[in-house]
S.K.: 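First the structure, then my questions, so here it is.
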Amino acid sequence: MNFKYMYQKVVDLKSNEKTQAEWMLSAAIGELQAEQRTLEQLMEDKARANDAMLSEGGSSMLRLQELQRYVEHLDRCIKKKLEDIESAEINVEHKKSQLSSRLLDEKVWLKAKEKAKTAFEQQILLREQNELDEMATVRFAMKAR
């Protein structure tokens, strides 16, 4: 006799939910990393613009004002990107929490399945032992005659 768990579809569902949560966490981490790379690029652009302002000290006032506006624009972009990063970090933590919950659900169902399988195996062993006991009793009764 083979063991067939009556709630196998639930176990499969929980496993699929866990896998989906892993993918969602991976995507959220990828998004966070992309936001961080964009922030680094903005910071590098700002540093280059500041260096350009310092090196062009004798340049026209118009060029310096243009660079200053560009630096101010980059500051606004950096501020926005920091907010985006914070939001992405919150999303990553949320996805980690979801994954943790899914892992726990899957573990509970796998444990229940394992218990059911152990109980099934115990019943099989008990039946076999009863059959052996029955055969021994019949043999003993036949020898006693």
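Residue indices begin at 1 and follow the sequence shown.
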S.K.: Any carboxylate oxygen within less than 4.0 angstrom of a Lys/Arg side-chain nitrogen, looking at Glu83 and Lys80?
M.R.: no
S.K.: Donor-acceptor pair, Ser55 side chain versus Asp51 backbone, under 3.5 Å?
M.R.: yes
S.K.: Can you pull the side-chain hydrogen bond (donor to acceptor under 3.5 Å, both in side chains) pairs that have at least one residue in residues 30-40, sequence neighbours excluded?
M.R.: Glu35-Lys81
S.K.: Can you list the steps and then say if Arg127 with Ile124 is a side-chain contact (heavy atoms from CB on, under 4.5 Å)?
M.R.: CA-CA 5 Å; Arg127 279 189 211 142; Ile124 295 293; 3.8 Å; yes
S.K.: In terms of side-chain heavy atoms, does Gln129 have a donor or acceptor partner in Asp133 at a distance below 3.5 Å?
M.R.: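 Indeed, the side chains of Gln129 and Asp133 share at least one donor-acceptor pair under 3.5 Å.
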S.K.: Can you list the steps and then say if Val92 with Glu89 is a side-chain contact (heavy atoms from CB on, under 4.5 Å)?
M.R.: CA-CA 5 Å; Val92 166; Glu89 287 172 342; 5.6 Å; no
S.K.: Can you tell me how far CG of Asp12 sits from OH of Tyr7, rounded to the nearest 0.5 angstrom?
M.R.: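 CG of Asp12 is found 15.0 Å from OH of Tyr7.
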S.K.: Quick check on the hydrophobic clustering: are Met53 and Tyr70 connected, directly or via other members, by side-chain heavy-atom contacts under 4.5 Å?
M.R.: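 Shared cluster, no.
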S.K.: Could you tell me if the side chain of Arg69 sits less than 4.5 Å from the side chain of His73, heavy atoms only?
M.R.: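 His73 does not reach Arg69 side chain to side chain.
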S.K.: Please examine the side chains of Glu66 and Arg63, heavy atoms only from C-beta on, and report whether any two atoms are closer than 4.5 Å.
M.R.: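 Sidechains of Glu66 and Arg63: in contact.
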S.K.: Out of curiosity, Leu126 CG to Glu131 CD, how far, rounded to the nearest 0.5 Å?
M.R.: 10.5 Å
S.K.: Which atoms form the tightest heavy-atom contact between Lys14 and Asp105, and what is the distance?
M.R.: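 Here Lys14 and Asp105 meet closest at NZ-OD2, 3.8 Å.
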S.K.: Rounded to the nearest 0.5 Å, what separates atom NZ in Lys95 from atom CD1 in Ile90?
M.R.: 13.0 Å
S.K.: Charged N to carboxylate O under 4.0 angstrom, Glu114 versus Lys117?
M.R.: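 Not counted as a salt bridge, because no side-chain N and carboxylate O are separated by less than 4.0 Å.
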S.K.: For Ala28 and Asn91, which heavy atoms make the closest approach, and how far apart are they?
M.R.: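 Scanning both residues, the minimum pair turns out to be CB-ND2, 3.7 Å.
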S.K.: Do the side chains of Arg48 and Asp45 get close enough for a salt bridge, i.e. N-O under 4.0 angstrom?
M.R.: yes
S.K.: I want to check something: taking the side chain as every heavy atom from C-beta on, are Leu125 and Glu128 in contact at a cut-off of under 4.5 Å?
M.R.: yes
S.K.: Between CD of Glu17 and OG of Ser101, what distance do you get to the nearest 0.5 Å?
M.R.: 9.0 Å
S.K.: Quick check: is Phe3 connected to Trp109 through a chain of hydrophobic side chains (ILVMFWY, heavy atoms under 4.5 Å apart)?
M.R.: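 Yes, it is one cluster - the side chains of Trp109 and Phe3 are joined through contacts under 4.5 Å.
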S.K.: Tell me whether Val10 is reachable from Phe120 by hopping between hydrophobic residues (I, L, V, M, F, W, Y) whose side-chain heavy atoms are closer than 4.5 Å.
M.R.: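 Linked within one cluster.
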S.K.: Look at the side-chain heavy atoms of Ile, Leu, Val, Met, Phe, Trp and Tyr, link any pair under 4.5 Å apart, and say whether Leu74 and Leu82 land in one connected group.
M.R.: yes
S.K.: Side chains of Gln8 and Val11: closer than 4.5 Å at any heavy-atom pair?
M.R.: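 Gln8 vs Val11: side chains touch.
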S.K.: Can we say Lys79 and Asp75 salt-bridge, meaning some charged N sits less than 4.0 Å from an Asp/Glu carboxylate O?
M.R.: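 Here Lys79 does not pair with Asp75 in a salt bridge, since their nearest N and O are not under 4.0 Å apart.
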S.K.: Are any side-chain N or O atoms of Ser26 and backbone N or O atoms of Glu22, one a donor and one an acceptor, separated by less than 3.5 Å?
M.R.: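 Answer holds: no.
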S.K.: Same cluster or not: are Leu42 and Ile85 linked, directly or through other Ile, Leu, Val, Met, Phe, Trp or Tyr residues, by side-chain heavy atoms under 4.5 angstrom apart?
M.R.: yes
S.K.: So, taking the atom named CG in Leu13 and the one named NZ in Lys18, what distance separates them when rounded to the nearest 0.5 Å?
M.R.: 13.0 Å
S.K.: What do you reckon, is CD of Glu121 surrounded by more than 12 foreign heavy atoms closer than 6.0 Å?
M.R.: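 Buried by this count: over 12 neighbours within 6.0 Å.
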S.K.: State the CG-CZ distance between Leu25 and Arg102, to the nearest 0.5 angstrom.
M.R.: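 Output value for this atom pair is 12.5 Å.
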S.K.: Testing the basics here: between Ile78 and Met43, what is the closest heavy-atom pair and its distance to 0.1 Å?
M.R.: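 It is CD1-SD, 3.6 Å.
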